[in-house]
Number of protein chains: 2
Amino acid sequence: MDENELPRVLQQLWGIEGRSRPGPKPAFHISDIARAAIKLADAGGLAAVSMSKVAAELGFTTMSLYRYVDAKDDLYVVMLEHAFAEPPVLDPELDWRGRITAWAEAFRDGLRRHPWILQIPIQEPPLSPNQLAWMESGLDAFDGTPLTPQDRLSAMLLVNIYVRGTAQLTANMLTEPDEVRVADRLYTERLTMLATPDRFPGIAATLEQPLDEGYAGDFDAAEFGFGLNTVLDGIHTRITRATR
Amino acid sequence: MDENELPRVLQQLWGIEGRSRPGPKPAFHISDIARAAIKLADAGGLAAVSMSKVAAELGFTTMSLYRYVDAKDDLYVVMLEHAFAEPPVLDPELDWRGRITAWAEAFRDGLRRHPWILQIPIQEPPLSPNQLAWMESGLDAFDGTPLTPQDRLSAMLLVNIYVRGTAQLTANMLTEPDEVRVADRLYTERLTMLATPDRFPGIAATLEQPLDEGYAGDFDAAEFGFGLNTVLDGIHTRITRATR
DNA sequence: GCACACTGTGTGCGCCATACACAGACCATA
DNA sequence: TATGGTCTGTGTATGGCGCACACAGTGTGC
């Protein structure tokens, strides 16, 4: 009974094959759809992904996609599942901090490779194989700590949220690195103009500080690691309390 | 020169009035547009907001909106600006932790009141008055700490990201509290079915743990505060290091 | 009082997701 | 081996969307 309730996309992603059926053989597979859609999204953002464009990319008609996918949202699920392939293998030699850091960086790399992921409207919590594998991988990073399963979930989600959030901040500016610089400079200019020291002293103080070279280009690796470490320090405190 | 570059929406939001001009008086104001759009969004989510529906709500034609707003994205900016009015006044008696907690909770309340905010595709960093006021308010929470302006920005962003992220997690499920319960139970069922202990031991362990009553209904205040405290512990560690 | 910038409006375009009916392909069964 | 039913890809059609553009009327600065 439960199996029937599983949406078709999830059934296909988990490889729950229907028994051999009458009718013509399907001409392709959802993974083909995923590949075509990801290609379009990598090139032109999520806006470049439409049912008709994906179908054209595959050489089929728009409506043929609906034989594989119930709705556009399912297309997103399939794209997400294929964009994040296997989670990283975490070095068991490392402590929890090293492991979750590696996990976070791998996640970040994925988001950098496919920035359109951040544009996907999230409707439901993840249930597809690779998504669960990433979850599992993140939870496993806390093996050996005294954290309860619930605590591990919270901690993993915290890191997950942090990575997504920072990626969001940097991905606001468009894709081209040059454009990032320009948009950033323009933003700073405008902010300097609008955030006057009398009404916005805190913001003004931030702007007075000369930007580090490292920071200028992007919310780069150093800054990312710095913020991540703050989060991990918080988790560390929790672990210490749990040990006591 | 710089003023001319400012997008029209921002000019209007900052109250930079153009000199008195020829032609008919405008029939309404962007704040009317904001009110109408927010009303629609509160009732039916961001999907219920279209140029034509907003215009109809106001009793005007679709195209009239474009006399006030250059594009749909600007409409979002206006909605955001009006949905988050004044930031909370932070009690100066409190320490930084109390202040930033109050700020985070106020932010969270705003997101709860207008869940559609999370659906708005963020294209640019904020430059509108209330948005900057919230930024300022968040930065001010760290007054009296040894953190540098840059550190305060990072810390504020960290809290901001946390609140957004957790709100995102809970808002995935739809609006009705009952639906949350149902969706949550359904998710747990499916997860239990798919995340078998052999392949996903970490996830399975999380599921075995009986859910607290408090947790069941929602990612509620207690859980929110718990995660927030973890983040604040991390910031506390940074402050301690800066003091030393 | 006049020129002209500005107002709200009507029409129309191209794109989107997707409902539905259809003709042909193929397997399980007889 | 024949056949029924189910599945395939396709063509057509619908209602919505954001928005470009031309227009007639309005009101201010000169």
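Order of the sequence lines sets the chain letters (A, B, ...), proteins ahead of strands, with each chain counted from 1.
- Inspection of the A:E223 and B:S154 side chains reveals an N or O donor paired with an N or O acceptor under 3.5 Å.
- By the 4.0 Å N-to-carboxylate-O rule, B:R185 lies close enough to B:E189 to be salt-bridged with it.
- Between A:R112 and A:D109 there is no salt bridge, since no side-chain nitrogen of the basic residue lies less than 4.0 Å from a carboxylate oxygen of the acidic one.
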What nitrogen or oxygen pairs link the protein and nucleotides 28-30 of chain D at under 3.5 Å?
residue	atom	partner	partner atom	Å
D:dG29	OP1	B:S20	OG	2.1

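- When each of B:P24 and B:G59 is assigned the nucleotide of DNA chain C bearing its nearest heavy atom, the one mapping closer to the 5' terminus is B:P24.
- By the 30° and 60° cut-offs, the orientation of the rings of B:F107 relative to B:F84 is tilted.
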task = Give the intermediate values and the outcome of side chain to side chain contact (heavy atoms under 4.5 Å, CB included) for residues B:D74 and B:I30.
result = CA-CA 10 Å; B:D74 288 353; B:I30 38 166; over 6 Å; no
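- Ring-plane geometry between A:W103 and A:W134 is classed as tilted, the angle between the planes lying from 30 to 60 degrees on a 0 to 90 degree scale.
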task = Decide yes or no on side chain to side chain contact (heavy atoms under 4.5 Å, CB included) for A:L75 and A:L65, but give the supporting numbers first.
result = CA-CA 9 Å; A:L75 176 61; A:L65 292 195; 5.5 Å; no
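- Here the closest non-hydrogen pair linking A:R8 and A:R67 is NH1-O, 2.8 Å.
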Show me the protein contacts with nucleotides 17-20 of chain D, counting only N or O atoms at under 3.5 Å.
residue	atom	partner	partner atom	Å
D:dC17	OP1	B:S50	OG	3.1
D:dC17	OP1	B:K53	NZ	3.2
D:dC17	OP2	B:S52	OG	3.3
D:dG18	OP1	B:K72	NZ	2.7
D:dG18	OP2	B:M51	N	3.1
D:dC19	OP2	B:Y66	OH	3.1
D:dC19	OP2	B:K72	N	2.8

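- Between B:T61 and C:dT9 there is a side-chain polar atom (N or O) within less than 4.0 angstrom of OP1 or OP2.
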